[in-house]
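Note sheet for the following structure.
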Amino acid sequence: MILVTAAGSHFGKSSIDFLLKELPASDIAAMVRDPEKAADIAAKGVEVRKGDYFDPESLEKAFAGVDTLLFISSGDIQQRSEQHKNVVDAAVKAGVKHIVYTSTQRKSESGSPIQAVADSHLDTEKALKASGIPYTIMRNTLYMDMLPGFLGQQVLEQGVFLPAGDGQVSFAAREDMAEAAARLVLSAGTENRDIVIASDETRSFADVARILSEISGKTVPYHNPDVETYLGTMQAAGVPALYAGLFASFAQAAAIGEFAEPSAGLKELLGREPLRLEEYLHTVYTK
């Protein structure tokens, strides 16, 4: 039995859809906080189980009879370490035999502009390695699906405005990563490995502006403000401080190469070319 946690997320649903191409629905279970909101998953014949990262007892019940766990990380950055410890502890008690975990690519273990994000993943990886359960850690790069949020609705008119310097990013599509996760769950020989899930090419935000210029026929400049100027501009534009700060932190992380490691791992897992940045931007910005 394979169980996918956070199954109501975009990543979780996509992973389940790929698993269904290879396995009967009876071999797959989906864990969600509210089963009533997972009718679309249940309609595919997948067993829906209730489980909450904050509720160890519910996790242990959800993991009963599970051999392999696709452990999708929580979106609650502040409390993620606690939540994830609950997941690992429950997996040990339930006798889970293999865990595939969605972590993040990083340059080092300290000094990151997104250290709070990195720390929770580091805590989880340490817990996994100490658990005795065979693990596979996906070191995921930055989703190219996040680009519209970074760029804003007026990007074609106003340009790319981010404090990302000349930093390179090995962007990959969330859908491709979800398929890669499903393939790792099904693959033999991936135990106790860290695998970089990223494109085999890197691009900067200046490249993003250039591609958008080519797509739109407009001149889309790349502006690289300092962080203070960026945050002030975002505040004046009415962007909530929480989101502006998050965008700034990820842009700074990109600037120092946190997501700059290219890898053939994604392509090898998919058995095909992953979605390229040009293709993604063309789809989003061509009307």
Side-chain angles (χ1 to χ4, degrees), residues 1-25 27-33 37-38 40-49 51 53 62 66-76 80 84 87 98-105 117 121 124-125 128 135-149 169-187 190 193-200 259 261-277 279-281 283-284:
M1 171 70 76
I2 293 168
L3 183 136
V4 178
T5 73
S9 66
H10 186 291
F11 196 103
K13 288 183 178 181
S14 295
S15 296
I16 288 171
D17 286 341
F18 287 117
L19 288 171
L20 286 169
K21 295 178 182 179
E22 304 293 334
L23 297 172
D27 288 350
I28 306 167
M31 190 189 87
V32 296
R33 284 182 295 180
K37 296 181 179 180
D40 55 335
I41 298 174
K44 298 172 182 178
V46 173
E47 180 186 355
V48 175
R49 300 183 180 185
Y53 286 169
V66 171
D67 298 304
T68 303
L69 190 68
L70 175 51
F71 177 10
I72 298 173
S73 58
S74 165
D76 186 346
R80 184 154 60 189
H84 287 188
V87 172
H98 183 204
I99 298 176
V100 176
Y101 173 64
T102 61
S103 188
T104 186
Q105 190 179 132
V117 176
H121 284 302
T124 306
E125 291 177 21
L128 283 169
Y135 62 85
T136 306
I137 293 172
M138 298 176 67
R139 294 202 181 281
N140 291 341
T141 189
L142 198 62
Y143 293 164
M144 60 178 67
D145 309 58
M146 293 176 67
L147 279 169
V169 179
S170 53
F171 291 107
R174 179 169 48 188
E175 195 81 2
D176 282 343
M177 289 185 182
E179 180 176 349
R183 293 189 181 280
L184 282 171
V185 165
L186 298 170
S187 299
T190 65
R193 290 179 57 195
D194 293 16
I195 301 175
V196 175
I197 305 296
S199 173
D200 56 5
F259 307 105
E261 184 177 356
S263 174
L266 179 58
K267 181 178 178 179
E268 291 169 357
L269 280 167
L270 298 178
R272 59 172 173 79
E273 290 288 340
L275 184 69
R276 296 298 180 184
L277 182 61
E279 297 174 87
Y280 173 79
L281 292 174
T283 299
V284 175

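When side chains are defined from C-beta on, L186 counts as touching L23, because their heavy atoms get closer than 4.5 Å. Y53 is not listed as a side-chain neighbour of S73, based on a closest heavy-atom distance of 4.5 Å or more. Contact annotation: the side chain of M177 never approaches that of T102 to less than 4.5 Å [non-hydrogen atoms, C-beta and beyond].
Listed by chain and number, the residues in a side-chain contact (heavy atoms from CB on, under 4.5 Å) with D76 are F54, S74, Q78, Q79, Q83 (sequence neighbours excluded). For E268, the side-chain contact (heavy atoms from CB on, under 4.5 Å) partners are A264, not counting sequence neighbours. Looking at residues two or more places apart in sequence or on another chain, you find no salt bridge (charged side-chain N to carboxylate O under 4.0 Å, His left out) involving E175. Partners of S103 under the side chain to side chain donor-acceptor pair (under 3.5 Å) rule, at least two apart in sequence or in another chain, are E125. With sequence neighbours excluded, the residues that form a salt bridge (charged side-chain N to carboxylate O under 4.0 Å, His left out) with R49 are E47. Every residue two or more places apart in sequence or in another chain that forms a salt bridge (charged side-chain N to carboxylate O under 4.0 Å, His left out) with R272 is listed here: D176, E179. Partners of A178 by side-chain contact (heavy atoms from CB on, under 4.5 Å), not counting sequence neighbours, listed by chain and number: F11, S14, S15. Annotation: ring-ring contact (aromatic ring centres under 6.0 Å, His included) contacts of F259 (sequence neighbours excluded): none. Evaluation of the side-chain contact (heavy atoms from CB on, under 4.5 Å) rule for A38 yields V32, I41, V48 as partners, not counting sequence neighbours. Every residue two or more places apart in sequence or in another chain that forms a side chain to side chain donor-acceptor pair (under 3.5 Å) with T136 is listed here: H98, T190. Residues passing the side chain to side chain donor-acceptor pair (under 3.5 Å) test with Y101, sequence neighbours excluded: H84, H121. Not counting sequence neighbours, the partners of K44 by the salt bridge (charged side-chain N to carboxylate O under 4.0 Å, His left out) test are D17.
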What verdict does the side-chain contact (heavy atoms from CB on, under 4.5 Å) test give for R80 and V117, after you've listed the backbone C-alpha separation in whole Å, the side-chain angles of each residue and the deciding distance to 0.1 Å? CA-CA 9 Å; R80 184 154 60 189; V117 176; 3.4 Å; yes
Assess the residue pair F71 and M31 against the criterion (side-chain contact (heavy atoms from CB on, under 4.5 Å)); give the C-alpha distance rounded to whole Å, side-chain angles, the decisive distance to 0.1 Å, and a yes or no. CA-CA 10 Å; F71 177 10; M31 190 189 87; over 6 Å; no
Could you walk me through whether T283 and L275 pass side-chain contact (heavy atoms from CB on, under 4.5 Å), step by step? CA-CA 11 Å; T283 299; L275 184 69; 5.9 Å; no
Applying side-chain contact (heavy atoms from CB on, under 4.5 Å) to V284 and L147, what does each step give before you reach the verdict? CA-CA 10 Å; V284 175; L147 279 169; over 6 Å; no
